[in-house]
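Heads up, the thing below is written out as structure tokens.
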Amino acid sequence: MPHIKTSKKSLPVSTLLDIKSQKCGLRHTVYSVSGNEYTGEWQNNKKHGEILGYSFHLTTEMSVNAWPLIITYICYIIDNFLFFFQGKGTQVWKKSGAIYNGEWKFGKRDGHGTYSVLLPESKAYARKYCGGWRNGKKHGYGTYFYNNSSLYEGEWSEDQRSGWGRMYYENGNIYEGEWMKDKNHGHGIIRFSNGNWYEGTWQDGKKNGNGKFYYSDKGQLYVGFWVAGVAKCGTLTDFGRDEAPAPAKYPIPKLHLVDMELVLREAKSAYLDQY
């Protein structure tokens, strides 16, 4: 019986060389084919630990012989960049100059970290966000610094303000309470720069439901029901009138209704039926 010799399919030489040189532990600077460099620790041939460089950009001009070596390292491809980071390290975006310093997981920002941007005028770095991340997005507790003097500190979910948080607005207003999908939603209180404040329920960024609005300048308190940011029914009484800087000319007269609560319930029910 004739013996048939089967041919073994051999791997490319570049792949064999890479298998023999699997990187693990602390190494010197490694240069990619595009000229970018990485200095730090490796684990299972992937960047893992302290990172001082960043990944390289994919181009169609790369040598075909280099692709097996490149593919061996791929974890994620985002905007034509290869990302391998896992552990703690620093990522520098060459085009924008932005810097992220913190924890990574499977090539994405995950854990605690700080993201800073480069100011083109002064060439100085300004902190943009400091806090928790998950799967490359702001998640958990963190502080975000807006381009103006506004600031948000609180909970995040999927890159949006969600949960409890405090927002300091540029005009001096301060909101503290619940958020959902980047909007005031749930119970919260807002203190205006002029001393007025509102405490109650919110929906989609507007006052909605039961709440109280205090007019510190007039010394009046409104307790009632809101729909889509508009007060619909409630009671207005004098509250701190003697200390108010600009009280109304006359005090609010007291009304004597047979059943004031019934009147308010009926008015509130009429609006609830519409919405």
Gap separating the CG atom of L119 from the CD atom of E121, nearest 0.5 angstrom = 6.5 Å
ask   = Given the rule in the side-chain contact (heavy atoms from CB on, under 4.5 Å) test, do Y152 and W179 qualify, once you have shown the distances and angles that lead to the verdict?
value = CA-CA 11 Å; Y152 171 82; W179 297 77; 3.6 Å; yes
CZ (R241) with more than 12 external heavy atoms under 6.0 Å = yes
For G229 against K206, the heavy-atom pair lying closest together = N-CB, 3.8 Å
query = Could you go step by step and tell me if Q220 and D238 meet the side-chain contact (heavy atoms from CB on, under 4.5 Å) rule?
reply = CA-CA 4 Å; Q220 297 176 342; D238 287 319; 4.1 Å; yes
message = Whether the side chain of T201 engages the backbone of H187 through a donor-acceptor N/O pair (distance < 3.5 Å, no angle test) should be reported.
response = no
request  = In sequence, state the C-alpha distance, the side-chain angles, and the governing distance for N208 and W202, and then conclude on side-chain contact (heavy atoms from CB on, under 4.5 Å).
outcome  = CA-CA 5 Å; N208 199 91; W202 299 74; over 6 Å; no
ask   = Minimum heavy-atom separation for I189 to W197, with atom names?
value = CD1-CE3, 4.5 Å
request  = Might you point out which heavy atoms bring E170 and S149 nearest each other, and give the distance in Å?
outcome  = CG-OG, 3.5 Å
key: Spacing of CG belonging to L151 relative to CZ belonging to F145, to within rounding of 0.5 Å   = 5.0 Å
query = Under 4.5 Å between any side-chain heavy atoms of K94 and V92, yes or no?
reply = no
query = Can you tell me how far the CE atom of M180 sits from the OG atom of S157, to the nearest 0.5 Å?
reply = 10.0 Å
task = In sequence, state the C-alpha distance, the side-chain angles, and the governing distance for N101 and T114, and then conclude on side chain to side chain donor-acceptor pair (under 3.5 Å).
result = CA-CA 5 Å; N101 180 41; T114 301; over 6 Å; no
inquiry  = Other members of the hydrophobic cluster containing Y250, with the 4.5 Å side-chain heavy-atom rule, please.
reply    = none
query = At their closest point, which heavy atom of Y115 faces which heavy atom of A98, and how far apart are they?
reply = OH-CB, 3.4 Å
task = Go through K128 and N147 one step at a time and tell me if the side-chain contact (heavy atoms from CB on, under 4.5 Å) criterion holds.
result = CA-CA 9 Å; K128 200 70 175 176; N147 292 334; 2.4 Å; yes
request  = Check M167 against S150 and note the closest heavy-atom contact, atom names and distance.
outcome  = CE-CB, 3.9 Å
message = For N148, I'd like to know if atom CG has over 12 heavy atoms of other residues, nucleotides or ligands within 6.0 Å.
response = yes
query = Do the side chains of W104 and R109 get nearer than 4.5 Å, heavy atoms only?
reply = yes
message = Taking the ring centre of each residue, are W156 and Y129 less than 6.0 Å apart?
response = yes
Qualifying salt bridge (Lys or Arg N to Asp or Glu O under 4.0 Å) pairs with a residue from residues 208-224, counting only residues at least two apart or across chains = none
note = The reported gap from CG in N173 to CZ in R191 (rounded to nearest 0.5 angstrom) is 11.5 Å
key: W226, F192, Y214, Y215 screened by ring pair (Phe, Tyr, Trp, His ring centres under 6.0 Å) with Y198, the one that passes   = W226
ask   = Is a side-chain donor or acceptor of Y100 paired with a backbone partner of S116 at a separation under 3.5 angstrom?
value = no
Gap between atom OH of Y169 and atom OH of Y146 - 0.5 Å precision = 8.0 Å
message = Per the salt bridge (Lys or Arg N to Asp or Glu O under 4.0 Å) rule, what does the pair list look like for residues 140-163, sequence neighbours excluded?
response = K137-E158, K138-D159, E153-R166, R161-D182
Audit row: N171, S193, side chain to side chain donor-acceptor pair (under 3.5 Å) steps and yes/no = CA-CA 7 Å; N171 59 7; S193 57; 5.7 Å; no
key: H185 side-chain N/O to Q203 backbone N/O, donor-acceptor pair under 3.5 Å   = no
ask   = In terms of heavy-atom contacts, does CZ of F239 have more than 12 from other residues, nucleotides or ligands at under 6.0 Å?
value = no
task = Measure the CG-NZ distance between D204 and K183 for me, rounded to the nearest 0.5 Å.
result = 5.5 Å
key: Minimal non-hydrogen separation, W93 against I99, with atom names   = CZ3-C, 4.1 Å
